[in-house]
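The block underneath contains the structure these notes are about, expressed in structure tokens.
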Amino acid sequence: MKLQYLERALAASRDGKPSAIATHLTSGLQSLIEGTEIEGNLEIDITLKAGIQSALADDRSNTIETSSGNIFVEVFNPKLRCFIVGAVHIAQPLSRMFAELDYQVTVIDPRTAWATDARFPQIELSTEWPDEALQRLKPDKRSAIITLTHDPKLDDPGLIEALKSPAFYIGALGSRKTHGSRLKRLEENGFNQQELSRIRGPVGLNIGAISPAEIAISILGEVTAVLHADRIKVREPT
Amino acid sequence: MDDNQEILEQAAKWKAEGHGVAVATVVTTWGSSPRPVGSKLVVNEANEFLGSVSGGCVEGAVIGEAQQSIVDGKPRLLSFGITNEQAWDVGLACGGKVQIFVERAE
């Protein structure tokens with residue numbers, strides 16, 4: 001393995017750019033694919049290129065069979081991102097646990113008394129309004145968005161931007177009753193039932209969570225289950 | 001820190017110190033293998049290693065093959081699992097199957 005390829009692939013993913021390393025599993029020939037640029041001694045034909053593109057799109061490294069042998073395509077995508085609206089108590093363990101799962105975490109709260117470095121050491125903070133922050137940060141399909149404030153004037157703008165984005169997970173903290181009135185307000189903002197069904201509320205898996213850390217675990221469990229939904233379906237009964 | 005970043009930094013450090021280094025990567029899995037595709041282990045010629053390619057079941061065999069790769073520069077594709085004849089000594093206890101690619105770090 002050429003260490004400089006690994007170094008460049010990891011640097012690209014830190015810069016938010018996808019890349020891949022393709023390795024021929026018999027000869028060891030290897031190339032780095034970064035956008036349209038290809039460098040290395042493994043020739044990348046059109047078929048292999050298509051395989052690499054779909055591996056990147058699926059965010060899944062895999063072995064591709066070609067006429068010249070098996071080729072391992074290792075995908076280096078940018079980190080998954082998580083946007084938490086509300087620098088509240090639950091956001092503290094939740095942001096830490098997301099960081100542990102290697103997400104790039106941003107906590108958004110315009111209330112500067114809540115969004116402080118002392119309360120969120122080593123976590124990226126934004127004191128913009130949730131809609132402004134999300135418009136700037138542009139959540140993509142590798143993003144999760146969670147609102148925690150219970151306050152419609154903060155949660156709703158965040159959820160409206162979330163619904164406009166392709167985020168893979170949108171969750172809103174609050175009771176069934178709160179969630180019901182939330183959906184009604186969002187409907188008045190022009191979203192239909194199908195769009196609104198993307199919001200998971202009450203947020204998280206039902207594990208009887210009480211403490212902030214337990215609620216964080218229930219949210220992380222649900223986010224992970226949604227992220228890996230295809231793996232759950234294919235799992236064989238034991 | 002990202003696992004791959006740790007592997008890279010360790011490999012680069014050993015290379016800079018003049019060690020021979022090999023990298024093992026999980027390239028295919030079937031069933032309930034313990035580490036996902038892309039998981040890496042880096043090893044030097046003194047048998048020091050970092051990272052993992054299984055729950056500890058096949059690391060010994062992988063490190064042995066990695067030593068050969070460091071010497072001859074040739075990559076190796078290793079298979080472990082219940083259908084493998086090695087199953088009784090270094091197979092996976094979880095019943096999964098795994099293919100591991102071993103290559104010298106350049």
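In the text below, chain A, chain B and the rest are named by the order of the sequence lines, each starting its count at 1. We use all heavy atoms of the structure for the numbers below, so side chains are in, but hydrogens, waters and symmetry mates are not.
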| query | Closest heavy-atom contact between L8(B) and L3(A)? | reply | CD1-O, 3.6 Å

| remark: Nearest heavy-atom approach of F76(A) to N4(B) is CE2-ND2, 3.8 Å

| field | Which portion of K74(B) sits near chain A, non-hydrogen atoms under 4.5 angstrom | value | neither

| said: Between V102(B) and chain A, with a heavy-atom cut-off of 4.5 Å, which part of the residue counts as in contact: side chain, backbone, both or neither? | reply: neither

| Separation of N62(A) CG from T28(B) OG1 (nearest 0.5 Å) | 8.5 Å

| field | Atom pair CD1/CG of I7(B) and L6(A) - distance to nearest 0.5 Å | value |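 One finds 9.0 Å between CD1 of I7(B) and CG of L6(A).
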
Flag yes if more than 12 heavy atoms outside [X] fall under 6.0 Å of its [atom1] atom; otherwise flag no.
| X | atom1 | result |
| --- | --- | --- |
| Q122(A) | CD | no |
| E132(A) | CD | yes |
| N206(A) | CG | no |

| message | Applying a heavy-atom distance below 4.5 Å, give me the residues of residues 23-41 of chain A that approach chain B, sorted by number. | response | T23(A), H24(A), L25(A), T26(A), S27(A), G28(A), Q30(A)

| request: For each of V21(B), T29(B), V37(B), V23(B), tally heavy-atom pairs with chain A at distances under 4.5 Å, and name the one with the top tally. | output: V37(B)

| task | Identify which of K2(A), R14(A), Q4(A) forms the greatest number of heavy-atom pairs closer than 4.5 Å to chain B. | result | R14(A)

| task | Enumerate by number any residue of residues 38-52 of chain B whose heavy atoms lie under 4.5 Å from heavy atoms of chain A; in the absence of such residues, state 'none'. | result | G38(B), K40(B)

| query | Taking the side chain as C-beta and beyond, is there a heavy-atom pair between T25(B) and E74(A) under 4.5 Å? | reply | yes

| note | Under 4.5 Å to a heavy atom of chain B? For Y5(A) that would be neither

